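I have placed the structure first, in the form of structure tokens, so that the comments after it can refer back to it.
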There are 2 protein chains.
Amino acid sequence: MSRKVGGEKKQRYMQPSLLMALREGPNYGYPLISAIGEYGFLSGDAPPGMVYRHLRQMDEEGLVTSTWDAEGDGPAKRVYSITPEGEEVLGMWIEHMEQQRDRLDAFIARYRKG
Amino acid sequence: MSRKVGGEKKQRYMQPSLLMALREGPNYGYPLISAIGEYGFLSGDAPPGMVYRHLRQMDEEGLVTSTWDAEGDGPAKRVYSITPEGEEVLGMWIEHMEQQRDRLDAFIARYRKG
DNA sequence: TGACTATATGTGCTTAGTGGATATATAAAC
DNA sequence: GTTTATATATCCACTAAGCACATATAGTCA
């Protein structure tokens with residue numbers, strides 16, 4: 001039957017993943033797609049559309065800034081950098097994720113005990 | 001500004017929470033609403049509509065069974081019980097939640113190191 | 001030179017699930 | 001017999017995910 005446990009509406013942590021990846025240095029869309037895959041919250045690569053949508057939105061919100069880089073082959077790259085506000089939001093995400101980890105731990109412990 | 005970190009689409013773990021609560025004994029909608037609030041995945045109580053929807057769906061899927069209890073005051077209660085299949089699915093949820101906890105741990109560790 | 005490919009970014013559309021309001025039903029209280 | 005409390009269920013608007021597709025640029029190569 002292969003049930004889709006963990007389904008519901010998956011928590012993919014796209015925003016904190018992108019901010020985390022950008023904390024390691026400015027970067028653009030394509031490399032970010034594979035970078036955030038390493039955090040394990042997605043199965044495989046994120047759909048490009050979602051990544052770009054998140055980046056644009058974070059740009060509008062001031063969490064990242066972007067500049068065009070026309071160097072190199074192919075079309076220009078929109079290179080994103082994390083802002084101080086973005087760092088702050090990432091910190092809030094970390095707090096939130098710690099709480100979620102603790103809740104999961106408690107839930108699992110309760111299951112094992114019962 | 002009060003950003004809605006952890007927003008996106010919250011992982012509420014409604015299904016495993018309900019199964020967990022039912023593992024402690026048969027129960028019906030209203031008490032379940034407050035029972036699953038204790039696991040901490042929701043802020044406050046779950047909206048009744050959502051709880052009933054999940055229960056009905058799990059009933060259709062065979063994860064729980066229901067019988068009417070007309071005893072006591074007020075309208076009859078639809079009392080749910082977890083089935084062996086429901087226990088199995090809860091076990092799968094636990095595995096999934098352990099993985100998620102580990103991913104969160106790794107992400108947080110990476111943040112602290114960097 | 002012009003079709004093809006690779007790289008890169010961006011938009012549109014469908015669907016699923018949430019959240020909240022509201023509807024239905026029963027029985028006790030007064 | 002109207003109100004209140006308990007209990008279950010449905011309806012609808014909104015949002016975000018998921019995926020397919022559109023746009024753009026510059027090399028490759030016949």
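Note that this is a predicted model, so its numbers are computed, not measured. Chain letters run A, B, ... following the sequence lines, proteins first, then strands; residues in each count from 1.
Using a 4.5 Å heavy-atom cutoff, the side chains of A:R53 and A:R56 are not in contact.
At whole-Å resolution of the value, CG in A:D45 and C1' in D:dA20 are 17 Å apart. Atoms CD1 (B:I33) and P (C:dG19) sit 14 Å apart, rounded to a whole Å. The CE-P distance, from A:M58 to C:dT9, rounds to 14 Å in whole Å. Atom CZ in B:R56 sits about 11 Å away from atom P in D:dT8, given to the nearest Å. A:Y30 has its OH atom 16 Å from the P atom of D:dT25, to the nearest Å. The distance from atom CZ of A:R53 to atom P of D:dC21 is 16 Å, rounded to the nearest whole Å. The distance from atom CD of A:Q15 to atom C1' of D:dA17 is 15 Å, rounded to the nearest whole Å. Regarding A:M14, its CE atom lies at a distance of 11 Å from the C1' atom of D:dG18, rounded to whole Å.
Side-chain N/O atoms of A:Y28 include one lying less than 4.0 angstrom from OP1 or OP2 on C:dA8. Residue B:Y52 has a polar side-chain atom (N or O) positioned under 4.0 Å from OP1 or OP2 of D:dT8.
Contact record, B:D69 with B:E71: OD1-N, 2.9 Å, taken as the closest heavy-atom pair.
Remark: B:E87 CD is packed, more than 12 non-hydrogen atoms of other residues, nucleotides or ligands lying under 6.0 Å away.
Mapping A:P48 and B:W68 onto DNA chain D via the closest heavy atom, the residue that lands nearer the 5' end is B:W68. Each of A:M50 and A:G74 was assigned the nucleotide of DNA chain C with the nearest heavy atom; the assignment lying further toward the 5' end belongs to A:G74.
For B:R12, taking side-chain heavy atoms from C-beta onward, the closest of the listed nucleotides C:dG19, D:dT25, C:dG10 is C:dG19. Minimum atom distance to the side chain of B:P75 is reached by C:dT26, of the listed C:dT9, C:dT26, D:dA17. Of the candidate nucleotides C:dT9, D:dT8, C:dG19, C:dT9 has the atom nearest to the side chain of A:K77.
With ring centers used as reference points, B:F107 lies 6.0 Å or more from A:Y13.
Between the side chains of B:Q57 and B:E61, at least one donor N or O sits under 3.5 Å from an acceptor N or O.
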